Amino acid sequence: MSQPSPAFPFEFFCLRAKCFYLLIFVSFLTLWSRCFYIQIYQHSAFKKLADQRHLVKIPTPGERGKIYSQDGTLYAVSFPALSLCANPKLIQNEKEVAYCLGQLLKKDPVPLYQLFLKKEKSFVWIQRKLTAEEVNQIEQLGIEGLEFRSETNRFYPRGRELSHLLGFADIDNIGKEGIELTFNKDLQGKDGFRWSLRDAGQRAIQLLGGKEVERVNGANIRLTLNSTLQYILEEELNTLYKEYEPKSVSGLLLDPETGAVLAIGGFPNFDPNHYYKFSPPERKNSALVDAYEPGSTFKSFIAASVLEEKLFQINDVIFCENGRWEVEGRRALKDYHPYGDLEFWEVIAKSSNIGCGKMSLKLGPEKFYGWLKKFGFGEPLKMLWPSHSKGSLKALKKWSPTTILSIQMGHEIMTTPLQLARAYSSFANGGYRVEPYCIEEILSPDNGVLYSAKPEKKKILSLETVQKMNYLLTKVFTDGTAKGSRAKGYTFAGKTGTTEKVNPQTKSYYKDRNISSFMAFGPVGRARLIAFVVADDPKSKAGGHMTGGRVAAPAVSRMMERSLHYLEVPMEAEANSFEDFPSFLATYYPSSSTENTLSEASNVVLEESPK
């Protein structure tokens, strides 16, 4: 018979129970420890992770400041705009959505489809700065996973007008050229933000209050420019540009009393609303950055210098060598037309290289250099301006024996239109060199004044010299190189310039390519405007020499005449002889026994030109 199995002892059951209870205790202890570790020691990390997934920071963009003219015309303004973004995790039927959006936004659907396949991302841009019509059409689609974000869009209401000076801001509202770049920190606002609570699918649940940061709008800039004068300037420049087809043309209008720039521009220009469609040469501000040899417009400064030094009188006769002068040991000078004896005023009116060359040799390099520094050549603009060229004036120690003969007719020196206008201001306002400026005020969003321009001027010429220069430069219109451009009812003074262009390969001058320019101011004796136009390599189907008198002078004369009519400047009688000219000027320049004749001008302190 088999033996019965022995029963398990009681102690064995007790041991099993203890092990079971111990296992349960250890499990709960482990679980509790893990919870304690997560809740206490890892609380910050997990909260941060949760916030990243469920809290979304939504920016509230600060508005970029306005740019407007002295008469209140808006040239740059920002307005709210919506941009389209997507959460690829929520996009279904990717191909259909991509095709639909591609048709609506006129985009290639393939890149959109590839964006929607990036399921690891919860945010991708689809299209920035949508139109109101596009927003409406997208809303009607009702596609889950698409979302609009608030932004601001930069808009230039006048299109191409003043585009070179304004520059542009890119799609992120960051200034890239012109005033938009130079004053980007002033114009750019500061974005605020608010928080949105999202579910696991990144759907918005609610906006959270109490943590918002208010946006700050940018400062506004008021320019010195007048919108009507700007229109007149650009219309006349465009007429010249179409007629003579130069590589470029630039011009400006300046107030000779204060230095305020009333209009400035050039062609070709561009539309800052679509800046990406234009090349860098089209966006370049030639009036500020293009330094060139000014040619015969520079002869006014040798004339003013020798008159101030009292080396010549207005009716002195200068023999102009019948058109060709071999200067011993230096160079040969030629005139466009052969002249014999010319009175001092005729030398300027007829733009004789030889006559002005003889003036410069009598003045000497030291004094001539000193006067060029007084007129501001080789020096940057002192007021607030976008990036610009300071031109170049050789240091005196670098002058060769021929330099003085070259500079007197505008060679071996580089200058910009604004520098020339700055120097000519002393002829127009009674002897003061003014500093050009274009920024009148920078204002905070609540119209607090952050910056206000203070016009700068410096006395450099005596009234006697100014009167003589006014007479000389009016003769350019009545008897000289611009006599075909006289205006009716106004007396203008000015000087033509025709400069041969330099061939960059051979370093010699082209025979058939030049820069044509004209500088003028008026009305004489009570000048309200200085006007300048320069055309780079003008051409004509009719042929002939593209002189400043032919190309630029008519545009300047029309521009000034139209502008003076707009400013309601009354017309006046004209003075045609030097005998009645001082009395004509005295009507507008009152005499003064304390007038500073600047006798110390002959002891000009020489400085090295800035490097």
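Only a predicted model underlies this, so the values are computations on that prediction, with no experimental measurement involved.
Screening residues 162-188 for ring pair (Phe, Tyr, Trp, His ring centres under 6.0 Å) gives F168-Y275 as the qualifying pairs, with residues at least two apart or on separate chains. Sorted by first then second residue, the ring pair (Phe, Tyr, Trp, His ring centres under 6.0 Å) pairs that include residues 544-566, not counting sequence neighbours, are Y336-H545, Y490-H565. For residues 237-250, no pair satisfies side-chain hydrogen bond (donor to acceptor under 3.5 Å, both in side chains), with sequence neighbours left out. For residues 220-229, the pairs satisfying salt bridge (charged side-chain N to carboxylate O under 4.0 Å, His left out) are R222-E441, with sequence neighbours left out.
Applying the side chain to side chain contact (heavy atoms under 4.5 Å, CB included) criterion to A555, with sequence neighbours excluded, gives L240, R558. A search for side-chain hydrogen bond (donor to acceptor under 3.5 Å, both in side chains) contacts involving S540 returns R550, not counting sequence neighbours. Among residues two or more places apart in sequence or in another chain, the side chain to side chain contact (heavy atoms under 4.5 Å, CB included) test is passed with E568 by none. For Y292, the ring-ring contact (aromatic ring centres under 6.0 Å, His included) test picks out no residue, with sequence neighbours left out. Qualifying side-chain hydrogen bond (donor to acceptor under 3.5 Å, both in side chains) partners for S389, counting only residues two or more places apart in sequence or in other chains: none. With sequence neighbours excluded, the residues that form a side-chain hydrogen bond (donor to acceptor under 3.5 Å, both in side chains) with S444 are D446. For F518, the ring-ring contact (aromatic ring centres under 6.0 Å, His included) test picks out F477, with sequence neighbours left out. Judged as a side-chain hydrogen bond (donor to acceptor under 3.5 Å, both in side chains), and not counting sequence neighbours, the contacts of E180 are R64, R154, Y156.
In this structure, K457 is positioned above the aromatic face of Y432, its NZ or CZ under 6.0 Å from the six-membered ring centre and within 45° of the axis.
Aromatic pair F301/Y424: ring centres closer than 6.0 Å.
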